[in-house]
Trainee: 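Pasting a structure below so you can have a look.
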Amino acid sequence: MAQTLYPRGTVKKIVKAHSNRALSTNVDILIYLNYALFMQELINEATIKSKQSGERGISAKSIKKISENTLRKYKG
Amino acid sequence: MSESARKKQRFSPERELERTPNTDARILPSTPFRRATSAGPTPGSNRTPVFRTPGTERTPRGGPATRPLPSRRVAPTTPHAIRALRERANAARTPGINRRRSGRVQRETPRDILRDLSKALARNTRPVEPSPQVLPQRTRHSALDLPDIDDGPHLAAPRLSMPLENMYDDDDSFHSAPPRQSLLPDLPDDVDGGTVQSLEFGRRAISEDPRFMFGGRHSERFGDFSELGAVEEEFEIDGTFINRRADRLLDDAIGDALDDDDTTTQMRALTGRRDGRQSDVDLGVFGDGEDDTEDPTFRFLIPERIRAPAREESQEELEKQEEQDEEDPDDEPPILPDDDADLTDDDEQDDDEQDDETAALNRSDLPGANDMLGWESDPPLDDDAELAAYREEASALDRSLQTPLRPASAQQTPIKKAKVFRVSEHGISFPSFPAAPVKKLALGFLKARGGKNARLDKAALEALVNTTNDFFEQISGDLAVYAHHGGRKVIEEKDVIALMKRFVPSHPIPFTIQMCKLTC
C-alpha cells in the first residue's frame, strides 16, 4: 500500500476532537487542501520575513512571528 | 669563356698595330723570360726543350735566347694554342698557390659572376625595408609571449545584482554538505542487518577486564538472571569500551567448573566466547519469537542508549514539551531487576546456586562443553562470612560501574512514546499532527519557491507543527460553527467551501479567481 499524502485518520481525529462534531465522508480531504494552502502562505510569509531579517533559510523565529497573521487570514 | 676567346683573338692585331691601350695590355699574356720547367710547355711548341739536345737543332725555340721579343710572337691559331694561351693568362691573374695550376678555371664560376655583380651593385643598393611597420620586438621571456588579453573584445560587465531566491544557496560549496549521521540508520526488524549493525567499539580483552581482578565476585552472580530473562542487556559500557557482561561469562565458566577440568584464564575467555547458547537452534532467524531477543550468534549489539537518540531524533523536539507536562512514573527503565538482584543477593544466594547448577547441567550437553575447562574458584565456599562481606563490596563497586547507565536510559525511554495525546476543550483527546507530512509539505513549498536545497531545522519544523496544530484547532472551531449554523451535526464539504471563501488575501487576487469566487 502506497504511503498516503497525509495521515487521514489523524486529521479526522483532530478536527473531531476540536469541533465535537462528526465529519462527512470526504471533508478531511478539503480540510487538508485548505491546510496545504495555509502552509504555502505560511512558508511564503516566513521566507519573506526571514529574508528581511537576513536569516539563512527560514527559522523558527520568523515562523512564530508570522504565524498569527496567517492564521488570522484563514479565520472563518 | 667564349668572350675571353674572342678577346684573345683580338689582341694580337691590336698589339701589332702598336695601339694597345693600357687596359688591354694589362690582360695580355706575358710569358716570363725564364720559365721554370714545371711551368708547363712553352706556347707554340708541342715538345718540351728538355728532351732536345741543343746541338742537333738550329735554334732551340724555347731557349732563353730566342724568347725575349714579344713582337716575334705570332697570334696562336690552333685551338690548343689559343686555349693554352688563355689558360696561362688566367693563371697569371690568379693569386698565390693557384697560379701554378694551369689547368684550372679559376674565375669563371657562377659564384664569381654573382660576386662581381654584387660588387658592382653594392654601391647603389640599400638594405630592403619592408613597407609595413615591423612588429615591436617581443619580450624574450616565453611566458610573456602569451596572446594579450587586452586584445580580445571587452568582457561582459559583471552583474551587480544577485538573484534573490538563490541568495543563500551555495550549491557549489562543498562546505555546505549536510553532516552525516555517524550512527546507524533505523532499520526495520526484518532487514538482514547482520553486517550493518555490527558496530565495532573498542573491545577490552576479557583477560584484562578490571572486574576480573576481584576473584571473590564470581560467585556473587550465580543467580543467572540472564537465563531467566531478568537482565536487560548483554553488554555494558565502560568508558569507551563495551564489555560483555561479566556475569554471563562467569556463568559459562562456572558451568565448566562443574566438569572439574583444568584450564587457564585465556581458555575461559575463549569458552565464554565459544559457548553455544540455547537459542542456537534457530541460527540465522532473528527475532522470530518473543523470547528470542538474544541473538544466537555472537555479535555486538548496539546498546540502546547509544542508538536511541539517533532514532528518535526527529520526534524528540516535537514531543519535548508534552513530555514536560506529563512525565509518567511508570516509564522508568527496566534496569530495576538487576538492582534488586544486587540488593537481595545474599538472601537468594542458595536459590541462585541451584539455578546456576541446573543451568550448568543443561549446558553441559551442548557441543563444545566437554572441552571447556575448569574453574579454579569453587562456589560452595559461600558460607564464609568474610567472603560474603567482600562480595558485598564488589557488588557495591559493580553498582558504581553501572550507575552511569541509569540516567541515560531514563532520559531515553520517554522519547519512545510515539504519540502524545492532548485533550481538546471538549474533553476529547487527540493526537498531534505528525511532523513528517508537515516537513514534506513545507520543503515542497520551499523548493517551489526557488531554494534548491531548502532546509528546515528542528526548531523551525517544531514551529511549523505547532502552527499546524493551531490551524486545525481554529479551522475545526470555525467548521463547527458553520455546521451549527446550518443546523447540522455533521461537518460537510460546503462548510469548508464557505470557510475558504472567507479567505482574505494580503495581495490582490487575480481577476479570474475573483470571478470564480463570485460565481461559485
Side-chain angles (χ1 to χ4, degrees), chain A residues 3-7 9-48 50-51 54-76, chain B residues 164 167-168 422-426 428-434 437-438 441-442 445-446 448-449 451 454-457 459-464 466-484 488-493 495-500 502-506:
Chain A
Q3 194 182 357
T4 52
L5 188 61
Y6 68 101
T10 310
V11 170
K12 273 191 174 180
K13 267 182 219 161
I14 293 171
V15 176
K16 234 185 243 181
H18 282 299
S19 62
N20 201 13
R21 279 174 196 274
L23 295 177
S24 76
T25 323
N26 291 325
V27 181
D28 58 322
I29 296 173
L30 269 180
I31 290 174
Y32 180 75
L33 285 178
N34 200 14
Y35 164 68
L37 287 175
F38 166 76
M39 203 52 159
Q40 187 174 19
E41 182 92 11
L42 193 73
I43 293 292
N44 283 348
E45 300 285 336
T47 312
I48 292 167
S50 55
K51 288 265 167 69
E55 289 159 1
R56 181 194 170 101
I58 64 175
S59 67
K61 207 172 73 179
S62 55
I63 290 173
K64 277 171 195 160
K65 270 184 197 165
I66 51 103
S67 64
E68 189 186 336
N69 270 336
T70 316
L71 276 174
R72 194 163 289 159
K73 267 193 241 171
Y74 278 79
K75 181 106 178 83
Chain B
L164 194 64
M167 185 156 50
Y168 298 111
R422 300 161 160 191
V423 180
S424 70
E425 54 182 0
H426 299 287
I428 307 170
S429 68
F430 66 97
S432 165
F433 197 81
V438 176
L441 198 64
F445 286 135
L446 273 177
R449 261 186 81 83
R455 266 187 242 150
L456 270 179
D457 52 347
L461 184 59
E462 187 189 359
L464 282 181
N466 284 339
T467 315
T468 299
N469 288 327
D470 290 346
F471 171 78
F472 278 119
E473 184 176 350
Q474 172 186 286
I475 198 177
S476 305
D478 293 342
L479 289 175
V481 170
Y482 286 1
H484 179 72
R488 281 173 270 111
K489 295 233 166 186
V490 177
I491 297 173
E492 289 180 359
E493 283 89 341
D495 295 327
V496 185
I497 290 170
L499 177 73
M500 288 165 118
R502 294 266 303 162
F503 173 65
V504 182
S506 53

Trainee: Is it the case that the side chain of D478(B) and the backbone of K75(A) share a donor-acceptor pair, with hydrogens and angles ignored and the cut-off at 3.5 Å?
Mentor: no
Trainee: Would you give the length of the straight line joining atom CG of L479(B) to atom CZ of F472(B), rounded to the nearest 0.5 angstrom?
Mentor: 10.5 Å
Trainee: In terms of ring plane angle, is the pair Y35(A) and F471(B) parallel, tilted or perpendicular, where the classes change at 30° and 60°?
Mentor: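 Tilted: the ring planes of Y35(A) and F471(B) meet at 30° to 60°.
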Trainee: Nearest heavy-atom pair of Y74(A) and N34(A): which atoms, and what distance?
Mentor: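 That would be CE2-OD1, 3.6 Å.
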Trainee: Between A442(B), A483(B), A448(B), G477(B), which has the largest tally of heavy atom pairs under 4.5 Å with chain A?
Mentor: A442(B)
Trainee: Below 4.5 Å, heavy-atom pairs only: which of L441(B), D495(B), V423(B) has the largest tally toward chain A?
Mentor: L441(B)
Trainee: Between I428(B), I491(B), L456(B), which residue shows the highest count of heavy-atom pairs closer than 4.5 Å to chain A?
Mentor: I491(B)
Trainee: Any Lys/Arg nitrogen of E473(B) or R422(B) sitting under 4.0 Å from an Asp/Glu carboxylate oxygen of the other?
Mentor: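 A salt bridge is absent here (no side-chain N lies under 4.0 Å from a carboxylate O).
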Trainee: Quick one: does any side-chain atom of S424(B) pair with a main-chain N or O of A17(A) as donor and acceptor, under 3.5 Å?
Mentor: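 Yes, because the side chain of S424(B) sits within donor-acceptor range (under 3.5 Å) of the backbone of A17(A).
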Trainee: Select one option (side chain, backbone, both, neither) describing which atoms of K16(A) are under 4.5 Å from chain B's heavy atoms.
Mentor: backbone
Trainee: Heavy-atom distance under 4.5 Å to chain A: side chain of V496(B), backbone, both or neither?
Mentor: side chain
Trainee: What option among V11(A), L42(A), N44(A) has the most heavy-atom pairs under 4.5 Å with chain B?
Mentor: N44(A)
Trainee: For residues Y482(B) and A498(B), report the shortest heavy-atom separation together with the two atoms involved.
Mentor: CE2-C, 3.9 Å
Trainee: Just so I understand: if I count every heavy-atom pair under 4.5 Å between each of K64(A), M39(A), R21(A), Q40(A) and chain B, which residue has the most?
Mentor: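 Ranked by heavy-atom pairs under 4.5 Å with chain B, first place is R21(A).
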Trainee: For T468(B), which atoms come within 4.5 Å of any heavy atom of chain A: side chain, backbone, both, or neither?
Mentor: both
Trainee: Given heavy-atom pairs under 4.5 angstrom as the criterion, report whether the side chain, backbone, both or neither of E493(B) touches chain A.
Mentor: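 Contact with chain A: backbone and side chain both.
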Trainee: Pick one of side chain, backbone, both or neither for I29(A), based on which atoms fall under 4.5 Å of a heavy atom in chain B.
Mentor: neither
Trainee: What option among A46(A), S67(A), A60(A) has the most heavy-atom pairs under 4.5 Å with chain B?
Mentor: A60(A)
Trainee: Please state whether the side chain, the backbone, both or neither of V481(B) comes within less than 4.5 Å of a heavy atom of chain A.
Mentor: neither
Trainee: Look at the side chain of N469(B) and the backbone N and O of N466(B), then say whether any donor-acceptor pair between them is shorter than 3.5 Å.
Mentor: no
Trainee: Under a 4.5 Å heavy-atom cut-off, does chain A meet the side chain of L446(B), its backbone, both or neither?
Mentor: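 Backbone plus side chain of L446(B), per the 4.5 Å heavy-atom cut-off to chain A.
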Trainee: Just how far is it from atom CG of L23(A) to atom OG of S476(B), taken to the nearest 0.5 Å?
Mentor: 8.0 Å
